[in-house]
Amino acid sequence: MKKFFQFASLALLGLAILSGCKKDDGIDANTLLYDGQSYAITDAFQEYWGDYYDAGNVDVYVGFDGGTGPTIGFDCLLPAGNDRLVAHAYNYSADGSGEYVFGGEDACFHISMDDGNCILFTGGKVNVKLSGSTYTIDFTVNLDNGKTVKGNYTGTLPWVDETDN
């Protein structure tokens with residue numbers, strides 16, 4: 001009987017420990033996580049740039065701004081006929097080739113817009129979901145300094161037509 005109570009006590013202790021642990025991915029809503037620091041995303045937008053170098057794709061630039069903190073922006077290449085970011089799992093492309101990819105020469109991460117330091121992407125994924133006009137975007141991007149930036153955003157993405165620029 002004593003062994004039963006010891007076993008029951010250990011089982012209850014284990015259950016208490018496991019139920020006390022919550023899942024923590026380390027990222028709050030609408031946040032960039034870089035180098036152990038979290039930064040709130042204070043602005044998000046998308047710009048339509050039209051045909052991507054006559055390659056049959058269209059270019060939609062998506063940007064997330066951390067106010068006085070970091071910013072991240074990337075081109076998403078979509079099949080012709082799209083002028084806004086569409087729901088899809090995008091993979092990085094160094095040369096910006098292919099459909100449903102992000103990257104290209106304008107894809108970079110700024111720790112501070114003040115210093116003009118652009119850290120280029122070397123890989124990653126951007127997952128986009130869309131419900132009505134509300135986007136849910138999760139991203140993990142590898143940078144050429146060996147670090148990773150992660151983030152998420154839920155909300156609208158104001159749209160700007162940049163085809164005349």
Side-chain angles (χ1 to χ4, degrees), residues 25-35 37-165:
D25 61 9
I27 305 176
D28 293 330
N30 294 352
T31 299
L32 292 171
L33 181 63
Y34 174 72
D35 205 19
Q37 296 278 88
S38 292
Y39 303 91
I41 294 173
T42 57
D43 188 27
F45 59 91
Q46 60 180 318
E47 298 171 340
Y48 173 62
W49 287 88
D51 188 33
Y52 186 74
Y53 302 111
D54 298 319
N57 296 336
V58 294
D59 180 12
V60 175
Y61 181 82
V62 180
F64 299 105
D65 188 354
T68 58
T71 63
I72 189 167
F74 44 85
D75 288 303
C76 292
L77 303 183
L78 309 173
N82 293 286
D83 66 354
R84 286 172 173 74
L85 187 62
V86 298
H88 198 76
Y90 296 83
N91 291 303
Y92 175 75
S93 171
D95 63 2
S97 64
E99 294 178 342
Y100 296 112
V101 298
F102 77 95
E105 60 190 41
D106 296 326
C108 69
F109 175 70
H110 292 273
I111 296 173
S112 168
M113 289 304 287
D114 296 332
D115 68 10
N117 182 21
C118 178
I119 304 170
L120 298 176
F121 297 170
T122 60
K125 295 187 179 294
V126 177
N127 293 309
V128 178
K129 296 178 183 171
L130 183 58
S131 178
S133 63
T134 301
Y135 286 89
T136 300
I137 302 171
D138 294 296
F139 54 90
T140 300
V141 179
N142 305 318
L143 305 172
D144 70 356
N145 65 358
K147 297 182 180 181
T148 300
V149 61
K150 294 181 180 185
N152 63 62
Y153 175 77
T154 299
T156 60
L157 284 177
W159 182 85
V160 178
D161 186 345
E162 294 286 358
T163 54
D164 290 334
N165 292 328

Enquirer: Minimum heavy-atom separation for Leu85 to Tyr135, with atom names?
Expert: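 Looks like O-OH, 2.8 Å.
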Enquirer: Return the set of residues passing side chain to side chain donor-acceptor pair (under 3.5 Å) with Asp161 (not counting sequence neighbours), or none when no residue passes.
Expert: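 For Asp161 the side chain to side chain donor-acceptor pair (under 3.5 Å) partners, ignoring immediate neighbours, are Thr163.
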Enquirer: Would you say that Asn152 contacts Ile137 through its side chain, given a criterion of any heavy-atom pair below 4.5 Å between the two side chains?
Expert: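 No, their side chains stay 4.5 Å or more apart.
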Enquirer: Tell me the side chain to side chain donor-acceptor pair (under 3.5 Å) pairs involving residues 118-132, sequence neighbours left out?
Expert: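 Those involving residues 118-132 are Asn91-Lys125.
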Enquirer: With sequence neighbours excluded, tell me which residues meet side chain to side chain donor-acceptor pair (under 3.5 Å) with Gln37.
Expert: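 Side chain to side chain donor-acceptor pair (under 3.5 Å) list for Gln37, sorted by chain: empty.
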Enquirer: Please enumerate all residues that pass ring pair (Phe, Tyr, Trp, His ring centres under 6.0 Å) together with Phe139, with sequence neighbours excluded.
Expert: Phe64
Enquirer: Should Phe45 and Val160 count as side-chain neighbours, where that means a heavy-atom distance under 4.5 Å?
Expert: no
Enquirer: Measure across Phe121 and Gly73 and return the closest heavy-atom pair with its distance rounded to 0.1 Å.
Expert: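 Scanning both residues completely, I find the closest heavy atoms to be CZ-O, 3.7 Å.
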Enquirer: Hey, what do you get for SG (Cys118) to CD1 (Ile72), rounding to the nearest 0.5 Å?
Expert: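 CD1 of Ile72 is found 10.0 Å from SG of Cys118.
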Enquirer: Output yes when a side-chain donor or acceptor of Thr31 lies under 3.5 Å from a complementary backbone atom of Ala29, and no otherwise.
Expert: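 At least one qualifying donor-acceptor pair exists.
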Enquirer: Taking the side chain as every heavy atom from C-beta outward, state whether Val62 and Phe74 have any atom pair closer than 4.5 Å.
Expert: yes
Enquirer: Return the set of residues passing side chain to side chain donor-acceptor pair (under 3.5 Å) with Asp35 (not counting sequence neighbours), or none when no residue passes.
Expert: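 Once residues adjacent in sequence are excluded, the partners of Asp35 under the side chain to side chain donor-acceptor pair (under 3.5 Å) criterion are Lys147.
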Enquirer: Any heavy-atom pair between the side chains of Leu143 and Thr148 that's under 4.5 Å?
Expert: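 A side-chain contact under 4.5 Å is absent here.
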Enquirer: Do you know the tightest heavy-atom contact between Ala44 and Pro158?
Expert: O-CD, 3.2 Å
Enquirer: With Val86, which residues qualify under side chain to side chain contact (heavy atoms under 4.5 Å, CB included), at least two apart?
Expert: Leu78, Asn82, Tyr90, Tyr100
Enquirer: State the CD-CG distance between Glu47 and Leu157, to the nearest 0.5 angstrom.
Expert: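 Rounded to the nearest 0.5 Å, the CD-CG separation comes out at 11.0 Å.
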Enquirer: So do His88 and Val128 actually touch side chain to side chain, heavy atoms under 4.5 Å?
Expert: no
Enquirer: So which heavy atom on Leu32 is nearest to which on Pro70, and how close?
Expert: CD1-O, 3.6 Å
Enquirer: Side chains of Asp75 and Val60, heavy atoms from C-beta outward: is any pair under 4.5 Å?
Expert: no
Enquirer: If I take atom CH2 from residue Trp159 and atom CD from residue Gln46, how far apart are they, to the nearest 0.5 angstrom?
Expert: 8.5 Å
Enquirer: Hey, what do you get for OH (Tyr39) to CG (Leu33), rounding to the nearest 0.5 Å?
Expert: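 The OH atom of Tyr39 sits 9.0 Å away from the CG atom of Leu33.
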Enquirer: I need the Asn30 CG to Ile41 CD1 distance, nearest 0.5 Å.
Expert: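 Result: 6.0 Å between the selected atoms.
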Enquirer: Considering non-hydrogen atoms only, spot the tightest contact between Gly124 and Asn142 and give its length.
Expert: N-ND2, 4.0 Å
Enquirer: With side chains defined as the heavy atoms from C-beta onward, is the minimum distance between Tyr34 and Lys150 less than 4.5 Å?
Expert: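 Not in contact.
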